[in-house]
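First listed ligand is number 1; within each ligand, the first listed atom is number 1.
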Amino acid sequence: MDTSLKEAVYLSLIMPSQHLSSVCPLDCPDRCTLDVTVEDGRVTLIDAAEGNPVTRGFICSKVRKFGQRLYGKERLLRPMKRVGAKGEGRFEPISWDEAIATIAGRFRSITAEHGAEAILPFYYGGSNGMISQDATDQRLFRRLGASRLLPTVCAAATGAAAEALYGDMPGIDFPDFAEARLIVIWGANPARSNIHLIPYLKEAKSRGARLILIDPRRTLGDNLVDLHLPIYPGTDLVLALAIIRWLDEQGFADRSFVEAHTTGYEALLERAREYTLERAAAISRLPADRIETLARWYAESEPALIRCGWGLERNRNGESAVAAVLALPAVAGKFGVRGGGYAMTSGSALKYDAEKVIGVPEAGTRAINMSQLGRVLTEPLDPPVKALFVYNCNPLVTMPDENRVERGLRRDDLFTVVSEQVMTDTALFADILLPATTFLEHTEVSASYGTYGINLAEPVIEPVGEARPNNVMFSMLGRALGYNGGEFEESTQQLARRVLTAIGAPVSGDLTLDRLKSVVRIEFDFPGATPVQFETVKPGTPDARVHLFPEALGELLYRYQDDPGEEAFPLALISPATSKTISSTLGEFNLKDAALEIHPRDAKSRGLSDGDWVRVHNRLGAVEVRAEISDRMCPGVVNLPKGIWRRSTRNGSVGTSLVPDTLTPSAGGACFNDARVQVSRAATSSAS
Ligand SMILES: Nc1nc2c(c(=O)[nH]1)N[C@H]1C(S)=C(S)[C@@H](COP(=O)(O)OP(=O)(O)OC[C@H]3O[C@@H](n4cnc5c(=O)[nH]c(N)nc54)[C@H](O)[C@@H]3O)O[C@H]1N2
Ligand SMILES: Nc1nc2c(c(=O)[nH]1)N[C@H]1C(S)=C(S)[C@@H](COP(=O)(O)OP(=O)(O)OC[C@H]3O[C@@H](n4cnc5c(=O)[nH]c(N)nc54)[C@H](O)[C@@H]3O)O[C@H]1N2
Ligand code: SF4
Ligand SMILES: [Mo]
């Protein structure tokens, strides 16, 4: 035996490798349970846990590589303070005590001068759990009286529409996709953003189901898709209204269901009557006969299921489009059978009362829409935002109008704290940087928005470097600010127990920490295993009816807002999820060179060949990447991946630099896919 082998054998004797359970917390509907191999205190392998009915023995390649993030060169290991210019990335290590004392001192002086609303917490998904967000953080910011944040960057429009029509009715679960005879995948991309649905789609197909894809791109293979409608972005509303009109005219509307279980049908129909198939075809740039086939198949199939994704909400017609799509199963009477109805989010089955955990009353302070961060930081406000505390978020590259966000972050008079796992593009602009733990190093309780269950992830290793969990960090800050009510003394285990008591979910038996520790995941328990809409689960609206014309969605409900395009910027830019990152998480090494996907016709008319450097631009900004010519794209539409980091493009600007900060009319959601651009050949070297 050579020495290294001897050493390895010796080490495996004193420190055998361990298999530990965990749960992926990323912003993904699947919420896989994981088997993590830990050797010598280090994570060496991350794989699927056995026996999970959803994970089914495989996970995505992104999370398999999470170890690279844990120990990678971007990992933040110590608190730091800025010593260079903002954005330059020159920092000097400091102690946690100094970092916390500095933040507390600045918060005090800013509050004395401008009032506490000058402090803005800024967060979104992050670790997607109930311990790392909406817990200790809110205790602190409410005690301070800081500005509140409206979490609108994603799912604001879908959430508002689903809530207004159906209250909290749960959607169809993955396994029941196999029961459907017709599956409509509408503005969702399961091959990338929800991979554990794919086996069920295949199963349905093998049982003879038809599948319709409504997406500007052909994102699923021809073996799965029977009919593709390459819709022009932002026009789903007119498509859905035209189908409703057609169903009604052709006698396919289920009048008895509508009468017994809905309100507002006539008002909906009045708006729908404006759209013949031909008119909808002209607006959505689809052949009218294909729309008719869609409508006919939908009318005639039983069970028929609509999987509504998030692609159709990210534009000025967001909530109306989602509402019209979700109205379809009610109009056509598709409920009451397993595999019939709609699937969007499972989150509604979770009745979680965060207030019980936070325990500090809402201060009633001003609310700031996160999707307009750039505007908020650069326009006169009273009081101005003087301190920004970023955690669970990478806003410089993920919020609309990147260049304006950057101008805001560069402000000399803005005090920025960033709590992060890695040196993100946003972290480079911090005055104080705080190293955060990952899900492999902290405790997290989470549900999921695609599957039905409650999960517990416990640390599988010690924190790397001096990284700390959010709840520990916010408690330190709370104590430094002198809040002595006990809410910043709670241990993580106590907090986890409190979180569990605030969950009302259909779980048989007690939902206790000890039970979760032994099983990691507890599946929800519906009568008959999975929810059947209008059988075992009903609308959560006050009258238990479907509100087809809900007032909550505002005056513009079902009124199509025209395309924002103009002659100089004729192409619609979309930026959907890719297999490489989850939003911008893992973008540091997974998405080195981004490309612009463009249809051959649009490339040809601009004299572009595959691999050419192109400049994608509009009045807000410009992005230089290579062209990837693809006939999977719909003509007139181009695609830059969501979540790229600045290093992934030649001029250091990402797709959000082209996105206006306009909002959907009633939910105030971000309109990423309302970006309209021109594409031209780029100069041989970068012109940043
Ligand atoms: N691998 C991976 N998985 C992810 C994510 C990720 O970044 N990477 N992100 C997670 C998050 S945060 C979310 S919110 C979900 C999102 O999951 P999805 O619902 O899949 O959302 P998107 O990727 O935004 O868009 C879905 C599809 O809508 C299409 N689309 C764009 N505009 C329109 C339109 O106007 N109408 C129609 N009908 N289709 C349109 C896009 O081409 C895309 O194929 O995925 C989650 N899962
Ligand atoms: N161009 C374009 N951009 C988009 C979209 C689009 O359609 N087009 N869609 C948007 C969508 S759907 C979403 S959901 C948003 C998401 O945008 P963000 O909310 O910015 O999400 P991420 O990019 O995943 O960044 C989350 C960050 O939180 C950090 N983090 C994770 N866990 C913890 C923790 O426990 N503590 C702390 N302190 N930090 C943690 C991670 O390291 C990561 O850097 O992006 C949006 N951006
Ligand atoms: S990102 Fe999604 S598919 Fe990948 S491991 Fe996490 S839950 Fe599973
Ligand atoms: Mo999202």
Side-chain angles (χ1 to χ4, degrees), residues 22-34 46-49 52 54-56 58-66 124-125 128 151-156 158-159 184-198 212-220 228-237 239-240 284 286 307-318 321-322 325 344-345 398 439 446 448-451 455 563 572-587 590-591 597 632-634 637 639 641-644 669-675:
S22 187
V23 182
C24 175
L26 296 184
D27 194 346
C28 166
D30 298 9
R31 193 63 83 242
C32 297
T33 47
L34 306 173
I46 303 174
D47 208 339
N52 179 321
V54 176
T55 317
R56 286 183 154 190
F58 70 99
I59 60 167
C60 65
S61 58
K62 301 178 290 295
V63 168
R64 279 179 178 281
K65 286 195 280 189
F66 205 90
Y124 195 68
N128 278 282
T152 55
V153 74
C154 175
T158 47
V184 185
I185 305 282
W186 200 320
N189 183 8
R192 293 288 174 268
S193 53
N194 176 197
I195 57 175
H196 292 88
L197 191 63
I198 298 288
I212 301 177
L213 176 68
I214 306 178
D215 195 305
R217 299 180 303 153
R218 210 169 59 240
T219 52
L220 292 168
H228 176 210
L229 285 90
I231 192 168
Y232 187 71
T235 64
D236 302 82
L237 170 61
L239 175 61
S284 58
L286 294 168
R307 159 71 171 136
C308 178
W310 290 269
L312 67 164
E313 76 158 12
R314 310 192 199 285
N315 64 75
R316 69 221 172 267
N317 291 303
V322 176
V325 169
M344 199 170 78
T345 155
T398 56
F439 73 101
S446 65
S448 151
Y449 61 99
T451 64
N455 313 282
D563 192 76
L573 171 71
I574 57 171
S575 42
T578 75
S579 60
K580 310 281 188 197
T581 66
I582 290 279
S583 295
S584 74
T585 300
L586 296 161
N590 273 350
L591 238 176
E597 221 181 332
R632 295 181 332 132
M633 278 313 283
C634 146
V637 185
N639 170 24
K642 150 176 138 179
I644 45 179
C671 294
F672 290 101
N673 297 343
D674 275 344

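The closest approach between a heavy atom of Y124 and any atom of ligand 1 is not below 4.0 Å. Look at R314 and you'll find a heavy atom under 4.0 Å from some atom of ligand 1. Heavy-atom separations between R64 and ligand 3 are all 4.0 Å or longer.
Remark: side-chain polar atoms of R192 are not paired, donor with acceptor, to backbone N or O of T578 under 3.5 angstrom. Of the possible polar contacts, one joining the R31 side chain to the C24 backbone as a donor-acceptor pair under 3.5 Å is found. Looking at Y232, its side chain never comes within 3.5 Å of a backbone N or O of V637 through a donor-acceptor pair. One N or O on the side chain of N128 and one on the backbone of P25 form a donor-acceptor pair closer than 3.5 Å. Not one N or O on the side chain of D236 forms a donor-acceptor pair closer than 3.5 Å with the backbone of A321. The main-chain N or O of N315 is never found under 3.5 Å from a side-chain atom of N673 such that the two would form a donor-acceptor pair. A donor-acceptor contact shorter than 3.5 Å links the side chain of E313 to the backbone of T158. Judged by distance alone, with hydrogens and angles left aside, the side-chain atoms of H196 form a donor-acceptor pair with the main-chain N or O of F58 at under 3.5 Å. Of the possible polar contacts, one joining the R307 side chain to the M344 backbone as a donor-acceptor pair under 3.5 Å is found.
Given atom 30 (N) of ligand 1, the protein heavy atom at minimum distance is P216 CD, 3.6 Å. Ranking protein heavy atoms by distance to atom 15 (C) of ligand 1, first place goes to Y449 OH, 3.9 Å. Closest to atom 25 (O) of ligand 1, if we only count protein heavy atoms, is G311 CA, 3.6 Å. Among protein heavy atoms, the minimum distance from atom 26 (C) of ligand 1 is reached at G187 O, 3.3 Å. The shortest contact between atom 36 (N) of ligand 1 and any protein heavy atom is with D236 OD1, 2.8 Å. Nearest protein heavy-atom contact of atom 10 (C) of ligand 1 is D27 O, 2.8 Å. Of the protein's non-hydrogen atoms, D215 OD2, 3.2 Å is the one closest to atom 27 (C) of ligand 1. The shortest contact between atom 2 (Fe) of ligand 3 and any protein heavy atom is with C28 SG, 2.3 Å. Counting protein heavy atoms only, atom 5 (C) of ligand 1 is closest to A577 CB, 3.6 Å.
The distance from atom CG of L591 to atom OG of S579, rounded to the nearest 0.5 Å, is 8.0 Å. The distance from the CG atom of L213 to the OG1 atom of T219 is 4.5 Å, given to the nearest 0.5 Å. The distance from atom CG of L239 to atom CD1 of I231, rounded to the nearest 0.5 Å, is 4.5 Å.
Taking 2.8 Å as the threshold, C32 does not count as a candidate ligand of atom 6 (Fe) of ligand 3, since none of its N, O or S atoms lies below it.
Contacts between T578 and ligand 1, counted as non-hydrogen atom pairs separated by less than 4.0 Å, involve the backbone only. Of all the heavy atoms of C154, the ones lying under 4.0 Å from any atom of ligand 1 belong exclusively to the side chain. Residue I582 touches ligand 1 through backbone and side chain together, judged by heavy-atom distances below 4.0 Å. At a heavy-atom cutoff of 4.0 Å, ligand 1 is contacted by both the backbone and the side chain of N189. By the criterion of a heavy-atom distance under 4.0 Å, the backbone of R31, and not its side chain, is placed next to ligand 3.
Atoms of ligand 1 found under 4.0 Å from any heavy atom of N673 (numbered from 1 in listed order, with element): 31 (C), 32 (N). Against a heavy-atom cut-off of under 4.0 Å, T219 is close to the following atoms of ligand 1: 44 (O). Of all atoms in ligand 1, numbered sequentially from 1 with element shown, those under 4.0 Å from a heavy atom of G309 are 19 (O). Of all the atoms in ligand 1, the ones that sit under 4.0 Å from a non-hydrogen atom of R217 are 42 (O), 43 (C), 44 (O). Less than 4.0 angstrom separates some heavy atom of S583 from each of these atoms of ligand 1: 6 (C), 7 (O), 12 (S). Numbered from 1 in the order shown, with element, the atoms of ligand 1 that lie under 4.0 Å from a heavy atom of W186 read 38 (N). The R192 neighbourhood of ligand 1 comprises atoms 1 (N), 2 (C), 3 (N), with distances under 4.0 Å to a heavy atom of that residue. Close approach to P233 involves these atoms of ligand 1, each under 4.0 Å from a residue heavy atom: 34 (C), 35 (O).
For the residues I195, I46, V63, the heavy atom positioned nearest atom 5 (S) of ligand 3 is part of V63. The closest heavy-atom contact to atom 6 (Fe) of ligand 3, among the options S579, G450, S193, C24, comes from C24. Remark: among candidates A155, S193, A191, the nearest residue to atom 4 (C) of ligand 1 is S193, based on non-hydrogen atoms. Among P29, C60, P25, S448, the residue whose heavy atom lies closest to atom 4 (Fe) of ligand 3 is C60.
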Worksheet item: Please walk me through it: do R218 and C634 pass side-chain contact (heavy atoms from CB on, under 4.5 Å)?
Response: CA-CA 8 Å; R218 210 169 59 240; C634 146; over 6 Å; no
Discussion item. Set out, in order, the CA-CA distance, both residues' side-chain angles and the distance that settles side-chain contact (heavy atoms from CB on, under 4.5 Å) for F66 and I59, then state yes or no.
Written reply: CA-CA 12 Å; F66 205 90; I59 60 167; over 6 Å; no
Practice prompt. With side-chain contact (heavy atoms from CB on, under 4.5 Å) as the test, would you mind laying out the steps for I46 and K65 before giving the verdict?
Written response: CA-CA 8 Å; I46 303 174; K65 286 195 280 189; over 6 Å; no
Worksheet item: Could you go step by step and tell me if T398 and Y124 meet the side-chain contact (heavy atoms from CB on, under 4.5 Å) rule?
Response: CA-CA 10 Å; T398 56; Y124 195 68; over 6 Å; no
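Residue L312 has no nitrogen or oxygen atom sitting less than 3.5 Å from a nitrogen or oxygen atom of ligand 1, judged on distance alone. For ligand 1, the polar-atom distance check against K642 finds a nitrogen or oxygen pair separated by under 3.5 Å. Residue K62 has at least one nitrogen or oxygen atom sitting less than 3.5 Å from a nitrogen or oxygen atom of ligand 1, judged on distance alone. At least one N or O atom of I214 sits closer than 3.5 Å to an N or O atom of ligand 1.
Considering N194, N52, T451 as possible partners of D30, the one that fulfils the side chain to side chain donor-acceptor pair (under 3.5 Å) test is N194.
Atom NZ of K580 sits in a sparse spot, with 12 or fewer heavy atoms from other residues, nucleotides or ligands closer than 6.0 Å.
The two residues P29 and S448 make their nearest non-hydrogen contact at O-OG, 2.9 Å.
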